[in-house]
A.B. asks: 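Sharing a structure with you now.
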Amino acid sequence: MVMKVVAFCGSSKTGSYNQYLINFLRKKYINEMNLQILYIDDLPFLRFSKYADFPSKVKYMCESIRSADGLVIATPEINHGMTANIKNAIDWCSMVPSLLLHKPVMLMGASTGPLGTVRAQMQLRQVLESPMINAHVTRSIECLVTNAADLFDENGNLTSQKSIDVMEQQFNEFKSLVNERQKELANE
């Protein structure tokens, strides 16, 4: 079975290590998933409103996530936390009842520092597992690419076998979450 997966990144700058991570994931697992990348930088800030009044870009993001088997989020870390565009995207999603309920989510991140994106991922996990969202986030291992400037080649390919092995373990857990969720949906 080929999974349908949506991904977004907290950094859209050219040469973003987190964009590189998503692209690497897409290439590595091309036979196991169709990966649609959503660009969230131009989403308006959250305004509480009825779904019918949501901006078209927000509706598109929500419908893409609704129809996907799972979600991948690559987060940079800024001031010990996730980026505002990721939080804004999740906040919009939370306005749609059950959109992320039990949705399998794979978190990953790359940073030039020695801790990777550990704090941003902790914060993101806390938000995604909050009672009003209640997503199923990968837990057994975290893909924290540290010192990223040394671990990607000039074409944006991840060159650290250790990081690739961690990604592999995390992706296998993500696939299991997707399979479990599909069984849940079939029994509803």
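Remember, predicted model here, so these are calculated numbers, not experimental data.
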A.B. asks: May I have the step-by-step check of side chain to side chain contact (heavy atoms under 4.5 Å, CB included) for Phe152 and Leu21, ending in yes or no?
C.D. replies: CA-CA 9 Å; Phe152 288 90; Leu21 269 180; 4.1 Å; yes

A.B. asks: Within the 4.5 Å heavy-atom criterion, are Ile164 and Glu168 side-chain neighbours or not?
C.D. replies: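 No; the side chains remain at least 4.5 Å from each other.
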
A.B. asks: Can you tell me how far apart OG (Ser160) and CG (Asp153) are? Round to the nearest 0.5 Å.
C.D. replies: 12.5 Å

A.B. asks: Verify, without hydrogens or angle tests, whether Ser176 (side chain) and Asn172 (backbone) share a donor-acceptor contact under 3.5 angstrom.
C.D. replies: yes

A.B. asks: Around Lys59, counting heavy atoms of other residues, nucleotides and ligands shown, do more than 12 lie under 6.0 Å from its NZ?
C.D. replies: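 Yes, the 6.0 Å shell around NZ holds more than 12 heavy atoms from other groups.
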
A.B. asks: For residues Arg139 and Arg125, determine if any side-chain heavy atom of one lies less than 4.5 Å from a side-chain heavy atom of the other.
C.D. replies: yes

A.B. asks: If you round to the nearest 0.5 Å, how far is CZ of Phe24 from OG of Ser163?
C.D. replies: 9.5 Å

A.B. asks: Apply the test side chain to side chain contact (heavy atoms under 4.5 Å, CB included) to residues Asn157 and Lys27: give CA-CA distance (whole Å), side-chain angles for both, the deciding distance (0.1 Å), then the verdict.
C.D. replies: CA-CA 10 Å; Asn157 295 308; Lys27 286 186 273 187; 2.8 Å; yes

A.B. asks: Taking a hydrophobic cluster as the set of Ile, Leu, Val, Met, Phe, Trp and Tyr residues connected by side-chain heavy atoms closer than 4.5 Å, whether directly or through intermediates, do Leu124 and Met106 fall within one such cluster?
C.D. replies: no

A.B. asks: Quick check: are there more than 12 heavy atoms from other residues, nucleotides or ligands sitting under 6.0 Å from CD1 of Ile78?
C.D. replies: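 Counting neighbours around CD1 of Ile78, 12 or fewer heavy atoms of other residues, nucleotides or ligands fall under 6.0 Å, so no.
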
A.B. asks: Got a second to check how far Ile40's CD1 is from Thr83's OG1, nearest 0.5 Å?
C.D. replies: 6.0 Å

A.B. asks: I need the single residue from Leu107, Val137, Val5, Leu100 that forms a side-chain contact (heavy atoms from CB on, under 4.5 Å) with Leu71. Which is it?
C.D. replies: Leu100

A.B. asks: Should Ile90 and Leu128 count as side-chain neighbours, where that means a heavy-atom distance under 4.5 Å?
C.D. replies: yes

A.B. asks: When you compare the side chain of Asn23 with that of Ile37, does any pair of heavy atoms fall below 4.5 Å?
C.D. replies: yes

A.B. asks: Less than 4.5 Å apart, any side-chain heavy atom of Leu185 and any of His102?
C.D. replies: no

A.B. asks: Please check if Leu46 and Val127 belong to a single hydrophobic cluster, counting links between Ile, Leu, Val, Met, Phe, Trp and Tyr side chain heavy atoms closer than 4.5 Å.
C.D. replies: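 Linked, Leu46 and Val127 end up in one cluster.
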
A.B. asks: Would you confirm whether Thr112, through its side chain, and Ala148, through its main-chain N or O, come within 3.5 Å as a donor-acceptor pair?
C.D. replies: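 The answer is no, because no donor-acceptor pair under 3.5 Å joins these two groups.
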
A.B. asks: Provide the closest heavy-atom pair for Pro104 versus Asp69 in the form atom of the first, atom of the second, distance.
C.D. replies: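 The pair with the smallest heavy-atom distance is CD-O, 3.3 Å.
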
A.B. asks: Ignoring hydrogens and geometry, is there a side-chain-to-backbone donor-acceptor pair from Gln123 to Gly81 under 3.5 Å?
C.D. replies: no

A.B. asks: Within a strict 4.5 Å, meaning less than it, do heavy atoms of the Cys143 and Phe171 side chains meet?
C.D. replies: no

A.B. asks: Find out if a path of hydrophobic residues (ILVMFWY) with successive side-chain heavy-atom gaps under 4.5 Å connects Ile141 to Met167.
C.D. replies: no

A.B. asks: Return yes if some donor-acceptor pair links the side-chain N/O of Asn34 with the main-chain N/O of Lys4 below 3.5 Å, else return no.
C.D. replies: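 Not confirmed, Asn34 side chain does not pair with Lys4 backbone.
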
A.B. asks: Measure the shortest side-chain to side-chain distance between Val178 and Met33 over non-hydrogen atoms and say whether it is less than 4.5 angstrom.
C.D. replies: no

A.B. asks: Quick check on Lys13: does its NZ atom have over 12 non-hydrogen neighbours (other residues, nucleotides or ligands) under 6.0 Å away?
C.D. replies: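 Counting neighbours around NZ of Lys13, 12 or fewer heavy atoms of other residues, nucleotides or ligands fall under 6.0 Å, so no.
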
A.B. asks: Which of parallel (below 30°), tilted (30 to 60°) and perpendicular (above 60°) describes Tyr20 and Tyr17?
C.D. replies: perpendicular

A.B. asks: Determine whether more than 12 heavy atoms belonging to other residues, nucleotides or ligands lie under 6.0 Å from atom OH of Tyr51.
C.D. replies: yes

A.B. asks: If Ile, Leu, Val, Met, Phe, Trp and Tyr residues are connected whenever their side-chain heavy atoms lie under 4.5 Å apart, and connections chain through other members, are Ile65 and Met3 in the same group?
C.D. replies: no

A.B. asks: Among the clusters formed by ILVMFWY side chains lying less than 4.5 Å apart, do Met122 and Val145 turn up in the same one?
C.D. replies: no

A.B. asks: Measure the spacing between CD of Gln126 and CD1 of Ile133 and express it to the nearest 0.5 Å.
C.D. replies: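 Result: 11.0 Å between the selected atoms.
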
A.B. asks: For residues Gln19 and Ser11, determine if any side-chain heavy atom of one lies less than 4.5 Å from a side-chain heavy atom of the other.
C.D. replies: no

A.B. asks: Identify the two heavy atoms, one from Thr117 and one from Glu77, that lie closest to each other, and give their separation to 0.1 Å.
C.D. replies: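 Looks like C-OE1, 3.2 Å.
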
A.B. asks: Calculate, to the nearest 0.5 Å, the distance between atoms CZ and CG belonging to Phe174 and Asn179 respectively.
C.D. replies: 10.5 Å

A.B. asks: Looking at Cys93 and Cys62, what are the two nearest heavy atoms and their distance?
C.D. replies: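 Residues Cys93 and Cys62, closest heavy atoms: CA-SG, 4.4 Å.
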
A.B. asks: Could you give the distance from OG1 (Thr75) to CD1 (Ile86), rounded to the nearest 0.5 Å?
C.D. replies: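 It is 3.5 Å, given to the nearest 0.5 Å.
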
A.B. asks: Would Glu180 and Lys183 pass as an ion pair if we require N to O under 4.0 Å?
C.D. replies: no

A.B. asks: Please name the pair of heavy atoms, one in Ala89 and one in Met61, separated by the smallest distance, quoted to 0.1 Å.
C.D. replies: O-CE, 3.6 Å

A.B. asks: At their closest point, which heavy atom of Leu35 faces which heavy atom of Ala7, and how far apart are they?
C.D. replies: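 Heavy atoms only, the tightest pair is CD1-CB, 3.7 Å.
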
A.B. asks: Grab the two heavy atoms, one from Gly116 and one from Ser111, that are nearest each other, plus how far apart they are.
C.D. replies: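 Heavy atoms of Gly116 and Ser111 come nearest at O-CB, 3.3 Å.
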
A.B. asks: If the test is side chain to side chain donor-acceptor pair (under 3.5 Å), which one of Gln169, Glu173, Gln170 qualifies with Thr138?
C.D. replies: Gln170

